[in-house]
Structure formats: C-alpha cells, structure tokens
Amino acid sequence: MLEIFIKRTRLTVPADRVYAWHAEPAALQRLTPPGDRLEIIEVTGGIEEVGARIVIRTGAGLLRRKWISRYTACEPGRMFRDELISGPLRRMIHTHSFIPDGPGACWLEDHIEYELPLGFLGRLFAGAYARRKLQKLFAYRHRVTAAALQGTS
C-alpha cells in the first residue's frame, strides 16, 4: 500500500533561489541532520539531468544500507523528482517543489510516496516509525533551508 507524506513551508525567498540552493552539489550534505550517517558513494549528474543517479549509504554497523536513486523529472526553478531504484523501501517517489507565492516568496514542498517492504507486516511494525522519521527529517530540512536563505535573496 502506497503511503503519502507531505511537508510544506512558506519561505520569504523566490522559488528560483530555493531551487538553485537545492541544485548545488553540497545540498544533500547540508540537508542531512547531525547524527544521521550519510555517505555519498557515487553521483552521476545533477538534479536537472533526468536519468542521473545518486548512490548513498546510510546507517551504522549492521544497519548500514545502500540507497540508489535516479532523477526522473525536472522543471528548472520549480521542481525535481527522484525515485528509489534500490534500498530499504519497496518504493519511493520524492517530488521537491518550489511554488512561487508572489515575487519574493514561495512554498517549499516535499511530496513523498512510499511503500514499506513486507506489505501489511511492514506497515504494522514500521509504519509509525517511518512516518515519525519523515516528519523529523523534513522538519529539519525545511528549517535548514529557511535559515540559510531567508534574508539573503
């Protein structure tokens, strides 16, 4: 069963500036919370290159997992999408949107469709954990984005 998570924040920064900040090579590192172990193993292309891939390793010890994602859509200045090819989830489609709200503001929106492994059992045992993890991660990411960009446009 497909789950949907959406985090939306209004920023007093133009959409194209927020998009450009997310397109920078160091964006993923900046958006990773302290304590979350994330190692970028391989990057082929950037967010604007449909088909480009990113390979990361997360976790520690026996819980280390490799994630492989591919960029599947992009509208420069407005949105990009990545989809999980391989990783701990059965499926994940993450759409990053930068929606103008007047000349000097926008809505930053992360829309994630995901499916946990093991069907009903996965949802039963990990559903609440996955949702809390997403809420915490994207609250952090939106705070970091706001702190870095508001007042700098």
Side-chain angles (χ1 to χ4, degrees), residues 2-61 63-116 126 129-153:
L2 200 60
E3 303 286 338
I4 296 176
F5 172 84
I6 299 171
K7 173 68 176 169
R8 195 168 202 228
T9 301
R10 187 174 188 278
L11 301 173
T12 54
V13 181
D16 57 349
R17 175 66 188 113
V18 181
Y19 171 90
W21 190 81
H22 280 79
E24 293 173 6
L28 185 57
Q29 291 291 354
R30 290 190 301 244
L31 293 169
T32 300
D36 279 11
R37 295 175 186 239
L38 177 111
E39 174 189 1
I40 297 174
I41 299 170
E42 175 188 340
V43 177
T44 58
I47 67 171
E48 295 181 346
E49 298 175 49
V50 171
R53 291 175 6 135
I54 184 165
V55 180
I56 61 174
R57 187 172 291 130
T58 63
L63 298 177
R64 286 182 67 78
R65 296 296 308 250
K66 187 187 283 189
W67 289 63
I68 303 173
S69 293
R70 179 184 357 250
Y71 295 108
T72 58
C74 181
E75 294 174 26
R78 296 298 175 256
M79 66 77 73
F80 67 96
R81 178 177 302 121
D82 56 272
E83 296 187 27
L84 183 70
I85 297 171
S86 173
L89 300 174
R90 178 173 285 182
R91 180 178 176 198
M92 186 178 80
I93 301 168
H94 181 183
T95 304
H96 313 249
S97 298
F98 312 91
I99 305 158
D101 189 30
C106 72
W107 289 95
L108 170 60
E109 181 179 282
D110 286 284
H111 182 278
I112 301 165
E113 299 175 20
Y114 64 99
E115 187 175 349
L116 297 170
Y129 170 79
R131 178 141 311 258
R132 281 191 311 273
K133 183 80 172 162
L134 287 169
Q135 288 168 341
K136 184 177 175 182
L137 174 63
F138 285 95
Y140 176 83
R141 286 182 171 191
H142 284 222
R143 274 193 317 271
V144 166
T145 302
L149 295 176
Q150 297 202 100
T152 64
S153 53

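Note that the structure is a prediction, hence the values are computed from the model and not measured.
- Only one option out of Tyr114, Phe5, Phe138, Tyr71 pairs with His94 in a ring pair (Phe, Tyr, Trp, His ring centres under 6.0 Å); it is Phe138.
- Partners of Thr9 under the side-chain hydrogen bond (donor to acceptor under 3.5 Å, both in side chains) rule, at least two apart in sequence or in another chain, are His142.
- For Arg143, the side-chain hydrogen bond (donor to acceptor under 3.5 Å, both in side chains) criterion is met by no residue, not counting sequence neighbours.
- In terms of the side-chain hydrogen bond (donor to acceptor under 3.5 Å, both in side chains) criterion, Thr44 has no residue partners (sequence neighbours excluded).
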Kindly list each side-chain donor-acceptor pair under 3.5 angstrom involving residues 75-82, sequence neighbours excluded, with atom names and distances?
residue	atom	partner	partner atom	Å
Arg81	NE	Thr95	OG1	2.9
Asp82	OD1	His96	NE2	2.7

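- Listed by first then second residue, pairs satisfying ring pair (Phe, Tyr, Trp, His ring centres under 6.0 Å) with a partner in residues 19-40 read Tyr19-Phe98, His22-Phe98, not counting sequence neighbours.
- Counting only residues at least two apart or in different chains, salt bridge (Lys or Arg N to Asp or Glu O under 4.0 Å) contacts with residues 40-56 comprise Glu42-Arg53.
- Listed by first then second residue, pairs satisfying salt bridge (Lys or Arg N to Asp or Glu O under 4.0 Å) with a partner in residues 92-102 read Arg10-Asp101, not counting sequence neighbours.
- Not counting sequence neighbours, the partners of Glu39 by the salt bridge (charged side-chain N to carboxylate O under 4.0 Å, His left out) test are Arg57, Arg64.
- For Asp16, the salt bridge (charged side-chain N to carboxylate O under 4.0 Å, His left out) criterion is met by no residue, not counting sequence neighbours.
- Taking the side chain to side chain contact (heavy atoms under 4.5 Å, CB included) definition, one finds that Ile6 meets it with Ile4, Glu109, His111, sequence neighbours left out.
- Every residue meeting the salt bridge (charged side-chain N to carboxylate O under 4.0 Å, His left out) condition with Lys133, not counting sequence neighbours, appears here in chain and number order: Asp36.
- Arg30 meets the side-chain hydrogen bond (donor to acceptor under 3.5 Å, both in side chains) test with Glu24; sequence neighbours excluded.
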